[in-house]
Amino acid sequence: MNRTKKAISDAFWRLLEEKPYNKITVQNIVECCQINRNTFYYHFQDIPALTEHTIKKWTEQVIKNNCEFGEPIHCITLMVQEFIRRKSAFIHLYRSSRREAFMRYLNEISLHAVQFYVDNTTEDVNISPEDKAVFIRYYKCTLAGVVLDWLDTGASYDLLDFCERICHSFEGSGRRAFLKQIQGA
């Protein structure tokens with residue numbers, strides 16, 4: 001990514017940690033990264049375009065860095081740590097007019113993590129693509145729903161502890177469900 005574009009995106013994250021989305025102005029951003037307004041507008045049409053770009057790049061980075069592990073708890077734990085690291089920013093996005101874009105990328109992250117897990121778990125299991133799709137959708141909705149619930153409560157509980165407890169409680173349940181589906185078919 002272009003260095004100036006990255007600086008603008010980083011400034012946006014910093015500002016989003018400090019104040020609600022609708023209080024962030026182009027002037028705030030250009031002052032934060034010490035560029036002029038024309039430079040901002042050269043790279044981004046407006047703040048919503050910057051928001052879309054920033055969330056998309058963050059999503060790509062989280063997927064690239066955190067979703068290559070065999071056990072779901074590792075991937076989920078690392079993803080949750082990323083949400084916690086930017087907790088205030090995500091609360092501000094969740095409560096903003098850009099909520100829909102944020103939720104789209106949350107679904108993308110969740111889908112990637114679940115897809116990776118299901119693909120690895122079912123390598124040696126003869127499961128139909130339709131049944132596999134059902135499991136993927138169920139677990140993706142669960143993972144995204146947990147994050148949305150956390151944000152909805154203003155991040156009032158320990159998301160990492162909650163996710164670790166859920167992963168330990170349901171450890172192996174996905175594989176058992178796949179096997180049950182095959183035996184019942």
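At a threshold of 4.5 Å between non-hydrogen side-chain atoms, the residues I29 and I35 do not count as touching. Looking at V26 and Y41, their side chains come closer than 4.5 Å, going by heavy atoms from C-beta outward. Counting only heavy atoms from C-beta outward, the side chains of Q27 and E31 approach each other to under 4.5 Å.
By the criterion of side-chain heavy atoms lying less than 4.5 angstrom apart, applied directly or through intervening Ile, Leu, Val, Met, Phe, Trp or Tyr residues, V147 is grouped together with I84 in one hydrophobic cluster. Hydrophobic cluster membership is shared by F40 and W13, with clusters built from Ile, Leu, Val, Met, Phe, Trp and Tyr side chains linked at under 4.5 angstrom. L160 and I166 fall within a single hydrophobic cluster, where Ile, Leu, Val, Met, Phe, Trp and Tyr are joined by side-chain heavy atoms under 4.5 Å apart, directly or via other members. Follow the hydrophobic side-chain contacts under 4.5 Å out from Y157 and you reach V80 in the same cluster.
For CZ of R37, the number of neighbouring non-hydrogen atoms (other residues, nucleotides, ligands) closer than 6.0 Å is greater than 12. Surrounding CD of Q45 are at most 12 heavy atoms belonging to other residues, nucleotides or ligands under 6.0 Å away.
Partners of Y138 according to the side chain to side chain donor-acceptor pair (under 3.5 Å) rule, which considers only residues two or more places apart in sequence or in another chain, do not exist here. The side chain to side chain contact (heavy atoms under 4.5 Å, CB included) search around N36 returns N38, T39, not counting sequence neighbours. R104 meets the side chain to side chain donor-acceptor pair (under 3.5 Å) test with E52; sequence neighbours excluded. Legend: residues meeting side chain to side chain contact (heavy atoms under 4.5 Å, CB included) with N22, ordered by chain and number and at least two apart, are P20. A search for ring pair (Phe, Tyr, Trp, His ring centres under 6.0 Å) contacts involving F83 returns W58, F90, not counting sequence neighbours.
The existence of a salt bridge linking R14 and E17 is excluded, since no basic side-chain nitrogen approaches an acidic carboxylate oxygen closer than 4.0 Å.
A cation-pi arrangement is present between K5 and F44, with the terminal nitrogen or guanidinium carbon under 6.0 Å from the aromatic centre and inside a 45° cone about the axis.
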Test log, rule side chain to side chain donor-acceptor pair (under 3.5 Å), inputs N28 and T25: CA-CA 5 Å; N28 297 143; T25 64; 2.9 Å; yes
### Verdict with supporting geometry, Y21 and I47, side-chain contact (heavy atoms from CB on, under 4.5 Å)
CA-CA 9 Å; Y21 176 83; I47 291 179; 3.6 Å; yes
(message) The test is side-chain contact (heavy atoms from CB on, under 4.5 Å); show your working for K132 and F135 and say whether it passes.
(response) CA-CA 5 Å; K132 196 174 187 180; F135 287 111; 5.6 Å; no
For the pair E108 and H112, evaluate side-chain contact (heavy atoms from CB on, under 4.5 Å) and give the outcome as yes or no after the intermediate values.
CA-CA 6 Å; E108 186 178 317; H112 179 82; 5.8 Å; no
*side-chain contact (heavy atoms from CB on, under 4.5 Å) assessment of R85 paired with E82*: CA-CA 5 Å; R85 188 169 71 86; E82 289 291 329; 3.2 Å; yes
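Taking CD1 from I109 and CD from Q61, the interatomic distance works out to 11.0 Å, rounded to the nearest 0.5 Å. In this structure, the separation between SG on C32 and CG on D10 is 9.0 Å, given to the nearest 0.5 Å.
Among all heavy-atom pairs drawn from K140 and L111, the shortest one is CG-N, 3.4 Å. Contact between A144 and L106 at its shortest, heavy atoms only, is O-CD2, 3.8 Å. In terms of heavy-atom proximity, S9 sits nearest to L50 at CA-CD1, 4.1 Å.
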Name the atoms and distances for all side-chain donor-acceptor pairs under 3.5 Å in residues 92-99, with sequence neighbours left out.
unit_1, atom_1, unit_2, atom_2, d
H92, ND1, L16, O, 2.5
H92, ND1, K19, O, 3.1
H92, ND1, S88, O, 3.1
Y94, OH, R99, NH2, 2.5
Y94, OH, D152, OD1, 3.2
S96, OG, L93, O, 2.7
S96, OG, R98, N, 2.9

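Within the 3.5 Å criterion, the main-chain N or O of S128 finds no donor-acceptor partner in the side chain of D131.
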